Structure formats: C-alpha cells, structure tokens
Amino acid sequence: MSVVVRFAPSPTGYLHIGGARTALFNWLYARHCGGRYLLRIEDTDRARSTEAAIRAIFEGLEWLELSPDAPPVFQSARADRHREVAERLLAEGRAYRCWCTPEELEEMRARARAEKRPVRYDRRCRGRDPASVPPDRPSVVRLAMPTEGETVIEDLVQGTVRIANAQLDDMILLRSDGTPTYMLSVVVDDHDMGITHVIRGDDHLTNAFRQYQLYRAMAVDVPTFAHIPLIHGPDGAKLSKRHGALSVTEYREMGILPEAMRNYLVRLGWSLGDREILSTEEMIRHFDIRDVGRSPARFDMNKLLSLNAHYLRERADTELLRLVLPRLEAAGIRVDEAGRRRLEAGMAGLKLRARTLVELAEAARIYVAPRPLPLTPKAARLLDDAMRKNLEALAGRLVHLQRWDEESLESACRAFAEELGLGFGKLAQPLRAALTGTTVSPGLFEVMCVLGRDEVLARIEDAARGRNPAVQQSH
RNA sequence: GUCCCCAUCGUCUAGUGGUCAGGACGCCAGCCUUUCAAGCUGGUAACGCGGGUUCGAUUCCCGCUGGGGACGCCA
C-alpha cells in the first residue's frame, strides 16, 4: 500500500515552527516511502479562520520548500459530505441526537469539576426517545461510543497506547446548526483522501482514541497514527508568544535560511547517530517516523543560529548578494553598480562572520555605504590627530604602490608601521576604522583589495580631514 | 480532579545488562592573528529519586517526584 500523508493546519494564525516541523516530518516520511504528501486546510471554524492565515501557511510552507504534492483540500468545502456521514451513522444507530443546551452541559461540567469527578458528557440523551422532545428543539448529533472494553492504538511514535472506553466521551459530530465538527471532518477527510499515516502533534493523541472509534463506526480502515511530541519553549512550557518568534516567516525576516530551519527542526526528536548537518537527500534517505523520539524538545535559538551560520557559509556569494540587496535597500541604502561589485567581491569574507542575513546586511555596509563613512564611537577614538597624520602619510605611500594585491599591501603597510616604530596592530586598527568606520571587519588587506585603490585613498582622506560623521550604534 | 505521554551534560541528542557514558550548541582556556569570525586543540558539564530483577543496572520492572498534553456545539 502506497503511503499518503497530510499536513492539516487550521488557518487561525501564522504557520508556527511546531506546525512546520509536523509538516517536515510528514513530507520526509512521504519522500522516504515514495508516497504522497497532501495539505488540508482545516477551516471548519469559519469564525476563526482567515484568508490571511491561509496565505501565511502557504507562504511558510513554500519558504521551507514543503509545498504539497497536490492542490490543498479545504475542509469547509466538504461539509455536505461530512453531514452525509453523520446522517448515515444516525440512521444506523451508531450516533444519536442530543438536545442538551450549552448551558446545561456547562453546568454538568462545572458540577463534575466541583465534585472532582471526571469531566465528561453523561450520555443523558443517549436513550432518549425523539418523540419525547418538542420537534423544533435544536439538537446536536453525538457518536455512540462503546462504554466497555478498551481502545488500543499502535502508534508509530508512541508505541502501544490504550485507554478504557469508559473514558471516551460521546463526542459531537454535528453542531446544532448542522455544521460538522473537527472530529467528524478529520476522520471523513482522512478517509476520503486515502490517508494511510496520520502524523501530527501529540496533543492529538487523546483525540486519536475517539477518532479510532469513529472510523470503526463508519466501518472503514483506521489509518496508522504517529503522534510526535510538541516543541517546547526554553523554559519547558508549551511554546507561546512570550517565547518570542513563533511564525516561520518571522525567522525568515530574522535572516534564517530555510535549509537551516529544516536541519534544526528535523534534529528535534530525530537523529542520525552523531550527524548534525544533514542534507535534504540524507534526511529523506534515512528518515523513518518510527525513529522519532517520544520526549518533547526545547527550542534553542543558539543552535538554530549556529546551523544558520553554517548554511550561510555554504551558500554561493552571488546567492547571498541577491538575498542581502533587498535588505540593504529596505534599510535605505542605495547600492550602485560599484557597491554591488564590491559587495560580491567581499561576500566571501563577510559571510564567514555572520550568523544571519540581518547580520550579513549590517556587515555589508562597509562596502556599500556612501562616503564619508559614519564612525562608531570606538572607531572614532582610534583616530586621534597623530594617527590621522600617520594615515595620511600611509596614503602617500599607497598612491605609488605598484601592485594592488593583498601581499603588496601587507608588506607596504607593515614596512610603514615599522618606520613609525609602531607594532602593526597599532596601525591596523586605526586604518580599519578609517576604511570601514568600525573596529570589526574582514581582514584589512582583503578589505583594501575589495574597495580598490581610489576608494581606499578617499576613505583615508576622509578620516585624515575628520569628515566622518559619528553614529551611536556600534558593532 | 480524571486520563494519556515523557525523563542521559544548561539545550539538542548518541548509546549499552559490564562503555573512560560519545557528538553538537553554549560556556571557558589556548593556538592562529591586524580586529572579529572561521579553523584547530583542550576543558566544563548528564544517566531525577527510591525500590526491585540480576553476579552486575543509565539500560528491564514497579513506585515516587518532576515536566508536558487532553478533558469545548475550538481545531
């Protein structure tokens, strides 16, 4: 039997990283098995579902390259089919009408809680004769759960899990307005879509027992379940807004690369021995949902950043240029053709020092910002009067330098420092300040090569004449 | 409260009835060095507790503790 899986988010918000990991595991399992990976938008709660959220989900999945193999299924469009199933179950006596009002149910629950009894529907309508109820009184349709025995699920991640059927609620299938509930819709859709493996967060584990009984009532095969543990915040609690960014698109804004995010997420609960860096091909080749651990993992930004730094270094310079340019423009920096060329030439040195695209764009300023460059406070302090004269004298040498390459520049600068009776470091930092406006940058001679002679001389001239404005921010 | 799930360094994890309990991130130190990174070297740090089973348990079983989840006419 060919594997068919689905990712089934409800469009009530952005795609968060927990959902992204669920999607990734589904996708990986499908790819590994040569199966199909589908997307279903669970928008049966029309009030809370939004177009924006649906777009955010598509966008997030696209960014992570986890788009489905077929157009998405919108659950709301299938309400008639869901209703039809409920009606059939009703006719077959596997479901029944319940006339309890929401107030009545709330009171029942409150009393149960107060008396420290299990909070559950007491099935008071289960045997009720419809004729004994006024015909116009609204009713819901509930599933008649077995009251004895137990339900056992062989979960690919959780192992064998069982629950006494007495614990199962007679869940609502159709609301009093006739619309289907999530419980009904998921089961009907998963069946109709031919889903063979339901891979989702383990917050659905208890739902699985009830859904199992619904499959049985419908007299259809039950799919294989795999409930993966949720991702927790650094404090161990359920991931929430107070833990910072949740939406995958926020990570994109932060300058995280999709491949870094995927690598990070897949290692949460799944591993391949000691391997930390995994290509998509390796993940697909080795991934098995059965190998996913059962304990929840905590989100660790440092690890994500470290992975991101790695993948940043792996990306081609031209690729990074393409990603950084829009960020520079958004920051109000107009990059001309010369700046573009410099940035591309300097990218190799820049990317080695950045953990995110945001940091990369920030560091890129040294190659694209217009003269005179602003000075950070630390840089400004290095450029005292004596040093400005030294730099001007150095510029005098550089004008006549035969070859403008790293070796020539290095020997010229070192020789000059020696003449001044300075350690090279004493000259290097002020020179760096003059050339970049900061105290942190790629290697000096690399920077000089990337900038080119004219720009280097001009920047030194700026510093010598004290033309650079000050900035508050510092590296 | 009821039910379900979980438990190896701070974090992500590997692992076995007998291991110096391994790797990665972080942190610390050193090397390199014109700064910062990168790289290299070294270091720090864990089997939650109590009972069993066993010649021997981190590993198997039970309990406890701790953590998480579910108990909606939400999904």
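In the text below, chain A, chain B and the rest are named by the order of the sequence lines, each starting its count at 1. For clarity, every value in this text was computed on a predicted model and none was experimentally measured.
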Considering only the [atom1] atoms, how many Å lie between [N] and [M], rounded to the nearest integer?
N: B/C64; M: B/C3; atom1: P; answer: 12 Å
N: B/C5; M: B/G42; atom1: C1'; answer: 41 Å
N: B/U33; M: B/G68; atom1: C1'; answer: 48 Å
N: B/C12; M: B/A7; atom1: P; answer: 12 Å
N: B/C60; M: B/G67; atom1: P; answer: 24 Å
N: B/U65; M: B/C49; atom1: P; answer: 16 Å
N: B/U2; M: B/C9; atom1: C1'; answer: 36 Å
N: B/G26; M: B/U11; atom1: P; answer: 16 Å

Value in whole Å for how far the [atom2] atom of [N] lies from [atom1] of [X]:
X: A/His232; N: B/C5; atom1: NE2; atom2: P; value: 16 Å
X: A/Asp300; N: B/C27; atom1: CG; atom2: P; value: 11 Å
X: A/Leu427; N: B/U33; atom1: CG; atom2: P; value: 18 Å

Pick base, sugar-phosphate or nothing for [X], based on heavy-atom distances below 4.0 Å to the nucleic acid.
X: A/His204; answer: base
X: A/Gly443; answer: base
X: A/Arg267; answer: base
X: A/Lys116; answer: sugar-phosphate

Is the phosphate of [N], meaning OP1 or OP2, less than 4.0 Å from a side-chain N or O of [X]?
X: A/Arg48; N: B/C74; value: no
X: A/Arg353; N: B/U35; value: no
X: A/Arg120; N: B/U2; value: no
X: A/Arg109; N: B/C73; value: yes
X: A/Thr44; N: B/A75; value: yes

Which atoms form the tightest heavy-atom contact between A/Ala354 and A/Leu312, and what is the distance?
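Shortest heavy-atom separation between A/Ala354 and A/Leu312 comes out as O-CD2, 3.5 Å.
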With heavy-atom distances below 4.5 Å as the criterion, would you say the side chains of A/Val73 and A/Leu39 are in contact?
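Heavy-atom side-chain distance check fails, nothing below 4.5 Å.
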Please determine whether any donor N or O and acceptor N or O are separated by less than 3.5 Å between the side chain of A/Asn207 and the base of B/A70.
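Looking at the base of B/A70, it does not pair with any donor or acceptor on the side chain of A/Asn207 (distance under 3.5 Å).
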Under 3.5 Å, is there any donor-acceptor pair linking the side chain of A/Asp274 to the base of B/G22?
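Counting by modelled atom types and ignoring angles, a donor-acceptor contact under 3.5 Å is found here.
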If we ignore hydrogens and angles and just use 3.5 Å, is the side chain of A/Asp169 paired with the main-chain N or O of A/Arg120 as donor and acceptor?
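Side chain of A/Asp169 to backbone of A/Arg120, a donor-acceptor pair under 3.5 Å: no, none is there.
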